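Notes for the one structure printed next.
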Amino acid sequence: MSKVQMKRVFICGLNSERQEALDLLQRAGVVEITSGDLDQDGLKTVDAGAERAEAVQKSSQAEQALSILDEFAPEEIGLLESLEGTKEIGLASYDERSGHIDEYMSKAAELIRLQKQIAEHRSAIPKCQTRLETLSAWKDLDIPLDFSGTDKTKVFIGSIGQEADAAAVYSLIQEQTETEEPVDLDVTSFSKDKMLSSFMAVCHAEDAETVENALRRINFVKAPSSTLIPSEEAETVKKEITQHEEEIQKLVEEVKTYAPERDNIRLAADYYNLQADKYAVLSKLPQSENAFFVSGYTPAAYADALSEKFEKLNAVVEISDPGEDEEIPVALKNGFFSGPMETVVESYSLPNKFEIDPSKIIACFYYILFGLMLSDAGYGLILTIGCGYVLLKVKNLKPSMEKMMKLMFFSGISTTFWGFMFGSFFGDAVNVIATTFFNRPDIAFRPLWFNSMDEPIRLLSFAFLIGIIHLFTGMFIKLYQLIKAGQIKDAIYDVVFWLMFVGGAIIYLLSMQMIVDMLSLKFMLSPAVGKVGGIIAILGCIGVVLTGGRDSKNPIIRLLLGLYGAYGITSWLSDILSYSRLLALGLATGCIAQVFNKLGTMLGNGPVGAIFFIIIFVFGNALNLAINVLGAYVHTNRLQFVEFFGKFYEGGGKQFEPFTENTKYYSVKEEI
Amino acid sequence: MELGLFLAVLGAGLAAGFAGAGSAIGVGIAGRSAAGVVTQEPSMFSKVLILQLLPGTQGIYGLLIGFIVLSQVGILGGEIPSLSKGLIYFAACMPMAIGGFLSGISQGQCSSSAIGLVAKRPDQFGKAMIFPAMVETYAILALLISILSIFGIPASI
């Protein structure tokens, strides 16, 4: 239906025009290039791997420069702008600016250099701080740390790994000396804690060896050597830290001056990305001495424009219909309403070549199912207005974001509709506010159809009805596809018999008192209609049993397989029951909203109560909306993928991936 | 008299408590995988967050059942139930308590694997989301039975 018709395209051009031809192909973005046919004489591919690697490296350099800019001079962008995709830029302006690409790259290199310097200064600071900490133990010492004594005296400056004051250190040393008499010794303590005691010991020069040996036994560690007095050195280190900080400050300021270059560096990043892609394609193209060849697929709609453009480049373009056995890439094209469904279909699998594009068909069901699961007019309005506003305000949304916004926009409309039907507006907010603050319990948001909270069974029956319609639609699509493919027998065996079987059974069930009571339906089919339904179901069942195993030659196995096929009715049952989630999720939304509304009224109707109510109301409903939009999205997808697609859709098509501008910031447009 | 109320509140508590515990375990399991993915690929944050949140719904369903019961048995509204009615409330809460607890854990494990899938193939997000959603089906069915039972308790008992 709305699968894009593909044509095979073959281009032969002169090598002298190759560069321009590749640019044209890339900007047009409508040709998927397949690996060329190398069997012909004299054709070979040229390896452009090295050039490609260089372009990739340059592009990542530019990206690195951009991330440096983002770190030190972040760009202020609004919430809406952050949703924007690539900026469009005219061909002339792009060509003009890409002439300065080297200049932009040197700016990027400069930024990377500055960042390196900043990193060096940053790593120097912790080193200085460690030094300061060590020095702080010696702050009262008024001689340099590596002072070793005078002619007559010997000085030991250092620390031991235990807690000891001057007297304790003195006795520790005396205990360890080998002489009988205590040595003349003077100990000054500078700091002590549980792990470390720093001190200075002074003795006569002739006792130096004795004291040193004693010190070694108590695991004395010499202070770090330094020719400066500790307090002075601390000052210099502090100055060093300030210097580093000032230097960083200066460098950051310098980085900030590059902020205006941001757009240019972005262009450079994109430019080299485009180059890299071009080289990748170039490596695939078969070439002779003077000519190059491109083969691939293009949407039929662009075929003529493409040949026209290439004829200007003196190239020959051949357009032909793809062969039957080729695996043709698939692209989907849908309008405003069903366009968002393409993402849903793509996330399952693209249609294979026998299948139609299901986007249009699932669109209606998707919005209805989503709306039923959320079913609250307040939430629906938020979704519709929010997404509508973004769609109107932001012109060049990222394509995936645009589809998502549209999806939520339509789902929001449906949600609002069902909200009105079942009388839910932020749950029972209208009634709660009227009752609590205005003492008017008679005011409420009345349902147009029925209140799903009061009559859950009625909603359940409705959910089953939607499910049966959904599943039967799937069967009819299968019927259509089989008839179109000329498999009339399969159409009757696999679809018509099943429709008779299931449809007849449903009619029969609806004529039974028990079922009607259980689903609290307001009508009951007459026994005569029920009987007809029963007969149709039995005929269908017989048909399924007789034909279900037709692939097998052995009649007994065929019958057994047929019986097993008829057992498939249980999967129909579970498929239909699966739609009960429409009720469960719909009730969950309303109930949770009610919970929060009720919580909000707990402080009464005074001014404090009103403020409390507003806070709880806003917070609670925001939470409920977020959780249930996620739930509705996931479960709508599930109903489409598992129940609906299970009836007719296989997928497995290969995505159309044209050679195009795969850029992050700019897109250069060349209309085709 | 109050025994009926006690049983109803016990049921509400078990529904909210067990389903919440199941979700907490599930979200926890998925969250560990999610954190692992984000260390490598910070841009995947929003995708893995959605997958992490999927097992969180059981807790909400449990809260829902608990709240509906409390609002019918005289705690937040309604009348204090008789003993037999209290027993029915208790029984009605059980599907949610059991189904919510076990499916929450199981969905968490499934989400965790789905997060691994998305980490390797970010384009397969749609499919990755479906696997945990399959598990959730049974929590929804449990919720359905609990809701239908509670709403369907006849006033005359």
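Residue numbering restarts at 1 for every chain, and letters A, B, ... go by the order of the sequence lines. None of the values given here were measured: they were computed from a predicted structure.
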Which of residues 98-116 of chain B have a heavy atom under 4.5 Å from any heavy atom of chain A?
-> none

Between B:I147, B:L53, B:T137, B:L148, which has the largest tally of heavy atom pairs under 4.5 Å with chain A?
-> B:T137

Side-chain heavy atoms of B:I140 within contact of A:H635, under 4.5 Å | yes

Find the distance between OG (A:S347) and CD (B:Q124) and round it off to the nearest 0.5 Å.
-> 8.5 Å

Beyond-backbone contact of B:S71 with A:K598, side-chain heavy atoms, under 4.5 angstrom = yes

Just how far is it from atom OG1 of B:T57 to atom CG of A:L630, taken to the nearest 0.5 Å?
-> 8.5 Å

Side chain, backbone, both or neither: which part of A:I592 has a non-hydrogen atom closer than 4.5 Å to chain B?
-> both

Begin from the C-alpha positions of A:L585 and B:Y61 and carry the test side-chain contact (heavy atoms from CB on, under 4.5 Å) through to its verdict.
-> CA-CA 9 Å; A:L585 289 169; B:Y61 298 155; 3.1 Å; yes

CZ of A:F422: more than 12 outside heavy atoms within 6.0 angstrom?
-> yes

Using side-chain contact (heavy atoms from CB on, under 4.5 Å) as the criterion, list what pairs up with A:N352, not counting sequence neighbours.
-> A:F354, A:E355, A:E650

Is the number of heavy atoms from other residues, nucleotides or ligands within 6.0 Å of CD (A:E71) greater than 12?
-> yes

Heavy-atom contacts under 4.5 Å, residues 636-646 of chain A to chain B = A:N637, A:R638, A:F641, A:V642

Honestly, the part of B:F125 sitting under 4.5 Å from a heavy atom of chain A is neither

Just wondering, are more than 12 heavy atoms of other shown residues or ligands nearer than 6.0 Å to CZ in B:F45?
-> no

Using non-hydrogen atoms only, which part of B:I65 is less than 4.5 Å away from chain A: side chain, backbone, both, or neither?
-> neither

Any pair with a residue in residues 100-116 of chain B that passes salt bridge (Lys or Arg N to Asp or Glu O under 4.0 Å), sequence neighbours left out, goes on the list, sorted by first then second residue, please.
-> none

Honestly, the part of B:I68 sitting under 4.5 Å from a heavy atom of chain A is side chain

Looking only at heavy atoms, which two atoms of A:A588 and B:L64 are closest? And how far apart?
-> CA-CD2, 3.6 Å

